[in-house]
Amino acid sequence: MEGKKYIEVSNSQAVAIKDIPLLDYDDFYDYVVDELKIDTHHCLNYYCVDFGSRLWFVCCIACDELNIIRICSHELPKGEKSLRSITPECFQLHIFEREIHENFRIHFKGHPWLKPVRSSFKNDGTKLHVDAYPFLAFESEELHEVGVGPIHAGIIEPGHFRFICHGEKVLHLEISLGYQHRGIEQLFVKQNGLQRTILTESVAGDTAVGSSIAHAQLIESLADLPIPESLMIERCIGLELERFAIHIGDTSALCTDVAYQLGQVVNEALRTTIINTTQFWCGNRFGKGLVRPGGSNYPLNETVVDEIRNILKDSGNRYIDMADRIYTLPTVLSRFDGIGELTPEQAILIGAVGMAARSTSLGRDIRKSHPFQYFNQYQYEPVVLTTGDVLARGMLRYEESKKSVSMVNEFCSIWEGMAKEDTPRPVYDYGLKPLSFAISVVEAWRGELCHSAITDEQGNLAHYKIKDPSLHNWMALALAVRNQEISDFPVCNKSFNLSYCGNDI
Amino acid sequence: MISRKKLRIKEANILRSHGWQYIPDLKGVELSPLFRGRPVISDTITPEEIEHVKNICPVDAFVDDPFGLDMGKCIFCKECHFACPQKIMFTNDYKIAASNREDLVIRVGQTKMDFDHSAVRPVIRKLFKQSLKLRQISAAGDNSSEMELNASGNVNFDMGRYGIEFLASPRHTDGIVITGPISENMADALQICYDAVPEPKIIILAGSDAIGGGMFVDSPAINRTFLDKYHIDLFVPGNPMHPLTFINGVLSLIGK
Ligand code: SF4
């Protein structure tokens, strides 16, 4: 065997495209299968780029215990349309092969399930009708189908769920997405620096801070833009406030679904206090505008720090009281305990990330394994629970919230004690290193958000790729509801709280 | 094991610290100073500055003849302010919903917005003043406007006090609220849902993405033809719109 099969990078480190090993497909196949046999490794992203005369396929594998990302690639001359599918040997690639199939019509031989991921516009401008999704069909006198969506009962995003049930019991759930598809990746390349950063915030508006950190650090790496350490801390404060607010909101939603009104109402009010603090800081309750490449329009200041501290003290304590009550209340527990279980084996199989992984023994957390921003200086220990059910996903939010609150307090103190230079203004007019590739990963509240980019000879953005953690985790929901009562679906769904728009981009 | 009695005491403590979260006067709330609401354009703005902010704006929100800022397109990034801090300011005025699309354009020197009551169809106030049930449709919304609409009914804002409420079935409602720039993939579902609402019915566009298409106007994955077919009764700008912007807008619409 000649040469290396991969290049190793750290989070957000830019490399020359030519330094990424180009393997022939059989080598690529064997390497990826071997690498992903290790439970602490998983595929961050595997996708295809159109380079004119050839298609280039790049695969990024996170090696958590080594704190590095391994990147390798293979290619196909234009016109060739078929590859041996890796999915039968390594199931977590199923969604990536499906996406490549959808966008480039590559047929993966042996893939069990080459169905659309988001019925997106293909590069040639054509698209599949979203309603043409080929659901699993069955012939039976005993079973029946339940279809839900795309528009759901509450105020939530659209997606279609198709259940195959035996009586009240769910045997199979298939999730058809794509209703939120906006063609964001194509827009990225056409637009300017400011437009891109705003676009990032609207990939999933509920994760605006996480997304814009992923984008900012990617651009800063490719454009060699240094930022002060104080700004890294500020970003982490924003990120943890976002996490805390959403975790409280999710706790409220879980209570709603099991008709525990006190839990619902108290948490609603608590979430308000946190997002109002973000608004106090930057003028937007979701933190839109807070994070910008190269600098900030809203540098942290003493008044904001005081506000954050006061609110966290009050709301943090009240949240703990409330959560203690929720997770000791028999009527709530009987609806959470043992419901919607995802096993560790399933989580490894599908490459689950974020909360879905950590609630079932898998300690995947980018804050520890591939630290970014101030987490490079801060030893974060992930919360890991074992039972993989709705209760675990609820409790995980509780435990993580406590950590976020104490971290924000700690970050505020470190920030105060720091010698601070002036925070630079944001940079939108940047030149990027030519012919380079970089991948940036952030542990946002749902899980790892992954942004990657490729530049051309002139240092312009040639390709941009976004992966929401939900891309991995929608399969977790589909597996978790098997053999459950269909009436438990809402609470299972809330306990994952996956992103439709993040998946559909 | 915790005894039942202890649990009850805990619940009483939670209730006490929860206190009174309901905002009594939804029309008189003062939002934090940095909230990005109604913009003001100074009448000292120069042609060069106008050129400059036009070049910066990521969504072409500035209009000419006469110069103005279109809040229906604006995604409230405030970058024009950072470029010309003395000439374009964002106030924390959240009462920025309008019954006419044109009213969302803020002209040079304009310091307030008046809701045009004459543009409201009389049937709306006749039938919906005491009770307005709405069906929300997220059509490629980024989930922030959706969360703010949920918040409009929560314990703080509680718009249910006015009989305004979101329901599940379009057949039980008086109109739809659209969020998001409307994707091609949601175009059919939107039409079907709208058709299922009984007449007379209203349409509200919530958030700048829905009103102006936001960052997505040029994407082939967007299909906004639905909006060409119908009269829009209320435009609620914001990215996302604040719950108070939404509630006050709807209250103006139904004449409360
Ligand atoms: S705040 Fe509005 S008008 Fe100003 S630059 Fe941003 S989008 Fe354009």
Side-chain angles (χ1 to χ4, degrees), chain A residues 119-121 125 127 130-131 150-151 153-158 178-184 186-187 190-192 194-195 198-199 201-206 208 249 262 265-266 268-269 272 276 279-286 288-289 297-298 318 321-322 324-325 328-329 425 499-501 504, chain B residues 2 7 10-11 13-15 17-18 21 31-32 34-36 56 58-59 75-79 82 90 92 135-151 154-156 166 168-169 180-181 183-186 188-189 193 209 214-216 218-222 239-240 242:
Chain A
S119 302
S120 59
F121 268 84
K127 79 180 282 301
V130 68
D131 292 338
I151 300 176
I155 308 178
I156 61 168
E157 300 173 71
Y179 297 91
Q180 300 281 68
H181 178 54
R182 292 150 289 168
I184 286 189
Q186 283 92 329
L187 288 175
K190 291 187 219 146
Q191 296 186 332
N192 65 30
L194 172 60
Q195 288 173 316
I198 289 165
L199 210 46
E201 294 175 332
S202 42
V203 173
D206 52 27
L262 186 71
V265 164
V266 168
E268 271 174 2
T272 307
N276 282 353
Q279 175 179 282
F280 181 80
W281 182 0
C282 74
N284 185 289
R285 305 216 298 170
F286 292 79
K288 289 183 177 179
N297 285 323
Y298 297 97
R318 279 162 54 202
D321 285 347
M322 188 67 247
D324 275 345
R325 174 72 171 129
T328 49
L329 193 65
R425 308 286 309 168
S499 177
Y500 302 76
C501 51
D504 294 351
Chain B
I2 306 176
L7 284 179
K10 246 187 163 174
E11 203 152 81
N13 285 340
I14 290 167
L15 267 174
S17 69
H18 174 71
Q21 299 292 336
L31 290 181
S32 51
L34 284 182
F35 173 76
R36 299 169 227 156
I56 286 175
V59 286
I75 44 95
F76 296 85
C77 65
K78 212 174 159 180
E79 295 290 343
F82 295 120
F90 283 78
N92 63 353
R135 171 66 242 190
Q136 191 272 344
I137 304 170
S138 168
D142 72 4
N143 204 25
S144 56
S145 292
E146 288 75 1
M147 287 174 85
E148 291 298 48
L149 288 177
N150 269 319
N154 77 8
V155 61
N156 305 104
F166 286 101
S169 170
S183 54
E184 167 70 29
N185 285 351
M186 267 306 282
D188 289 354
C193 186
D209 279 0
M215 302 296 296
F216 307 103
D218 295 330
S219 170
I222 298 301
N239 178 30
H242 197 282

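Here is how names work: the chains are called A, B, and so on, in the same order as the sequence lines, proteins then strands, and each is numbered from 1.
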>> Within this structure, what is the CG-CD distance for the pair B:Asn143 and A:Gln180, rounded to the nearest 0.5 Å?
In response: 8.0 Å
> Taking A:Asn297 for the side chain and B:Cys77 for the main chain, is one N or O donor matched with an acceptor at less than 3.5 Å?
Replying inline: no
> Got a donor-acceptor contact below 3.5 angstrom from the B:Asn150 side chain to the A:Ile155 backbone?
Replying inline: yes
>> Looking at A:Glu157 and B:Asp142, would you say the former's side chain and the latter's main chain have a donor-acceptor pair under 3.5 Å?
In response: no
> Is chain A contacted by the side chain of B:Asn239, its backbone, both, or neither, given a heavy-atom distance below 4.5 Å?
Replying inline: both
> For residues A:Thr272 and B:Asn156, is any side-chain donor paired with an opposing acceptor at under 3.5 Å?
Replying inline: yes
>> Please check: side-chain N/O of A:Arg285 versus main-chain N/O of B:Ser144, any donor-acceptor pairing under 3.5 Å?
In response: no
>> Please determine whether side chain to side chain contact (heavy atoms under 4.5 Å, CB included) holds for the pair B:His18 and A:Val265, giving the CA-CA distance in whole Å, both sets of side-chain angles, and the decisive distance to 0.1 Å.
In response: CA-CA 9 Å; B:His18 174 71; A:Val265 164; 3.7 Å; yes
>> Donor-acceptor pair, distance only, cut-off 3.5 Å: does the side chain of B:Asn185 make one with the backbone of A:Gly178?
In response: yes
> With only heavy atoms counted, which part of B:Phe166 is less than 4.5 Å from chain A, the side chain, the backbone, both or neither?
Replying inline: side chain
>> Has B:Ser183 got a side-chain atom pairing as donor or acceptor with A:Tyr179's backbone, closer than 3.5 angstrom?
In response: yes
>> For A:Arg182, which atoms come within 4.5 Å of any heavy atom of chain B: side chain, backbone, both, or neither?
In response: both
